[in-house]
Amino acid sequence: MWLPKLLGWMPGLDGFIHYRKAYIKDDIRAGLSVSAVALPVAIAYTQVMGINPVIGLYACILPMMAYALFGTSRQLIVGPDMAACVVIASVTMPLARGDSNVIWELTIIMTLMTGLWCLLGGYLRLAIFADFLSSPILQGLLNGVAATIVVSQMSNILGIAPLSSDVIASLMALPGKLAGLHWLTLLLSLTSLALLLLLQAYKPRWPAPLILMVLGTILSGLFDFHAAGIAIIGDVGQRLPHIHTPTFDPLLLKELLVPSLNLAVISVASYMMTVRSFAEKNHYDVDIDMEMRALGYINIASGLSQGYAVSAATSRTAVNDVNGGKTQMVSIIAALMIALVLFFLTQYISYIPLAVLGAVLIFSSLSMFSLTTLYAERKTNPADFFLAAFTFLAVLVVGLVDGIGFAILLGLLQFLRKVFRPTDLLLGLDDAGVIRSMRPDNDIQPVPEALVYRFNSPLTYFNTGYFKKRIHHLIDDSPSSTKWVIIDAASSFVYNDSTVMKYISELAHELQGRGMTLILAGRSSEIRKWLVENQLAHHPGSLILVPDLYFALRLIQNHRAQHEITEQIEALDTGLTAKPGE
């Protein structure tokens, strides 16, 4: 009895209980490849937040193991996410006032809060609302994050004094600091970037960041880069996480509530895109509500192990997929490999040059840029282009967290505008009698004496008035007389709204006064029930409810045929009863 309940809580456990030995070779190869990519990325991403690089390893080990138990994807790899790191840095650095210990402490608290938000959303089945953070917003966000990272790494790349955390302020201050340019650091940075780009072009399956970091560490130790003026990471301290008494003002916790919610929304949106894309690619299903809870569990695991917020790692998941990983055993193997580095090799991390870390970060951010795609949308989809460009500029000008808030608000306003004033179309019949939309570029013919109309939005209290106006306007513009107004109700009547039902009853009476009959095609049982529930009686001569559009067309054809028969009978009766000579 206990096993089904346990599997309902930990769906990933079933994959280990029924693990197939034939998968082990592929899973080991993929696990080693994933760890080779995850190690340098975790260390480099931590640099963005100004905390100990070892913390990046903390953010890998337990979260990977937790996802293997709580996740439903066979291939997803979780770990540090660049966007999450930038969000955390933009929130914690100003609050901590440059104290790295306070930054770390606030980062842990923010990570735990993010995990709790995700857990709450998962249990309330709110994962579907992550789709509200639309693709244009994410595209603009990632462009903004990438630009922020490039600017933030200018001091490491050029060997100059640290710049402001504000992008605009950093760009304005950069020319004045170029006098302190360190040429050896710049040479190392350019060489590192060139090596990364060459490996990507000619050996795309090689772990380029790991190769670069190993080479940089060896050269740094052999030639004493630090003595030559090239900045290195330096002492990283203890290997294992430790818990100590917080040193920040408890009142700062309230400053993390909204940013942690923003981070949860961003993480869920990007996370779900990765989960769904790889599940569709490999033909299996995932449970998005369980995935949202899994995102909560892995962030709580990261926070409890003194790490920082984690999410779906798209690049590492792709490495897993390319190397043939079959199950979440890949995550376990990769986590164990990273743990071995944490236990036995952390002393070598101190030799890694900051220029190499900066090159890895800039190289990683290049994959996030999509300016060509953004520019292409300028003509194909102006609304999406405007939303993505606005998000990008907002992130640069007002910061990541506020920029995301403005972008979501703009996206909401765009959505409301589309619902307030949606598109609509008239329907007609082709030569085969199939109902199709009428457009200037086709020859679809209107139904004689009928207006067949589709409103491309759910009807609700704030757009029903516009709906009525459109109906009357189209009737007035119709070149022929209209006796029937047929509405495609299946696409617009989606729930019981008393205002909508009242307006429909009024529309039916108005059309009846103009000698027309309103027909609602689709959802006839629900609409009939909703009219009764709202105590809106209707006369059969003013409003007719039918199952679908084709039924409506047959109804008016039959009515037209009966009317013709009646006219013929009346004409015949008139002829038979006429007096001679009349």
Side-chain angles (χ1 to χ4, degrees), residues 421-460 463-494 497 500-528 530-531 536-571:
R421 296 292 183 268
T423 59
D424 57 4
L425 47 88
L426 292 175
L427 305 176
L429 295 172
D430 63 11
D431 295 337
V434 177
I435 298 174
R436 295 178 59 188
S437 58
M438 296 170 56
R439 298 191 307 272
D441 60 343
N442 63 26
D443 57 353
I444 304 303
Q445 299 300 314
V447 178
E449 298 182 329
L451 183 81
V452 187
Y453 179 68
R454 177 176 292 157
F455 193 68
N456 293 324
S457 172
L459 276 169
T460 187
N463 64 11
T464 314
Y466 175 72
F467 169 80
K468 276 184 61 179
K469 289 180 181 178
R470 286 293 297 159
I471 295 290
H472 285 296
H473 176 74
L474 290 170
I475 292 171
D476 293 339
D477 285 353
S478 178
S480 59
S481 62
T482 302
K483 294 182 179 179
W484 309 89
V485 176
I486 305 172
I487 308 297
D488 183 4
S491 63
S492 51
F493 288 78
V494 295
D497 186 317
V500 172
M501 292 298 106
K502 179 183 176 182
Y503 269 76
I504 289 301
S505 179
E506 292 175 357
L507 178 62
H509 289 297
E510 290 170 5
L511 294 178
Q512 186 179 32
R514 299 180 64 174
M516 306 173 198
T517 301
L518 177 64
I519 302 177
L520 299 184
R523 298 184 180 273
S524 54
S525 300
E526 291 96 333
I527 296 173
R528 186 174 290 107
W530 296 340
L531 287 168
L536 295 171
H538 65 281
H539 190 276
S542 64
L543 177 62
I544 300 174
L545 305 177
V546 297
D548 56 50
L549 288 172
Y550 288 99
F551 194 103
L553 294 183
R554 288 196 299 271
L555 178 69
I556 64 175
Q557 287 171 357
N558 291 338
H559 184 277
R560 191 180 296 118
Q562 290 177 0
H563 181 68
E564 291 176 355
I565 292 172
T566 301
E567 287 183 340
Q568 292 175 4
I569 292 174
E570 289 177 352

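Among residues two or more places apart in sequence or in another chain, the side-chain hydrogen bond (donor to acceptor under 3.5 Å, both in side chains) test is passed with Asn456 by Thr423. Residues forming a salt bridge (charged side-chain N to carboxylate O under 4.0 Å, His left out) with Lys502 (at least two apart in sequence, or on another chain): none. Contacts of Pro446 classified as side chain to side chain contact (heavy atoms under 4.5 Å, CB included), with partners at least two apart in sequence or in another chain: Met438. Scanning for ring-ring contact (aromatic ring centres under 6.0 Å, His included) contacts around Trp530 gives an empty result, with sequence neighbours left out. Applying the ring-ring contact (aromatic ring centres under 6.0 Å, His included) criterion to Tyr503, with sequence neighbours excluded, gives no partner residue. For Asp497, the salt bridge (charged side-chain N to carboxylate O under 4.0 Å, His left out) test picks out no residue, with sequence neighbours left out. Applying the side-chain hydrogen bond (donor to acceptor under 3.5 Å, both in side chains) rule to Asp431 yields no partners; only residues at least two apart in sequence or on another chain are considered. Judged as a side-chain hydrogen bond (donor to acceptor under 3.5 Å, both in side chains), and not counting sequence neighbours, the contacts of Glu510 are Lys468, His472. Evaluation of the side chain to side chain contact (heavy atoms under 4.5 Å, CB included) rule for Ile435 yields Leu427, Leu429, Leu549, Tyr550, Leu553 as partners, not counting sequence neighbours. The side chain to side chain contact (heavy atoms under 4.5 Å, CB included) check on Asn442 picks up Arg439, Ile444, with sequence neighbours excluded.
Here the NZ atom belonging to Lys469 is positioned 10.0 Å from the OH atom belonging to Tyr466, to the nearest 0.5 angstrom. Taken to the nearest 0.5 Å, the CG atom of Leu425 stands 10.0 Å off from the CG atom of Leu474.
Using cut-offs of 30° and 60° on the angle between ring planes, the pair Phe467 and Phe493 is perpendicular.
For Arg436, the CZ atom sits in a loose shell: 12 or fewer heavy atoms of surrounding residues, nucleotides or ligands are nearer than 6.0 Å.
Annotation: salt bridge (Lys or Arg N to Asp or Glu O under 4.0 Å) contacts involving residues 514-527, sequence neighbours excluded, comprise Asp476-Arg514. Counting only residues at least two apart or on different chains, the salt bridge (Lys or Arg N to Asp or Glu O under 4.0 Å) pairs with a member in residues 446-455 are Glu449-Lys483, Glu449-Arg560, Arg454-Asp488.
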Does the pair Asp424 and Tyr453 meet the rule for a side chain to side chain contact (heavy atoms under 4.5 Å, CB included), with working shown? CA-CA 8 Å; Asp424 57 4; Tyr453 179 68; 2.6 Å; yes
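Within the 4.5 Å cutoff, the side chain of Trp484 has heavy atoms near those of the Ile519 side chain.
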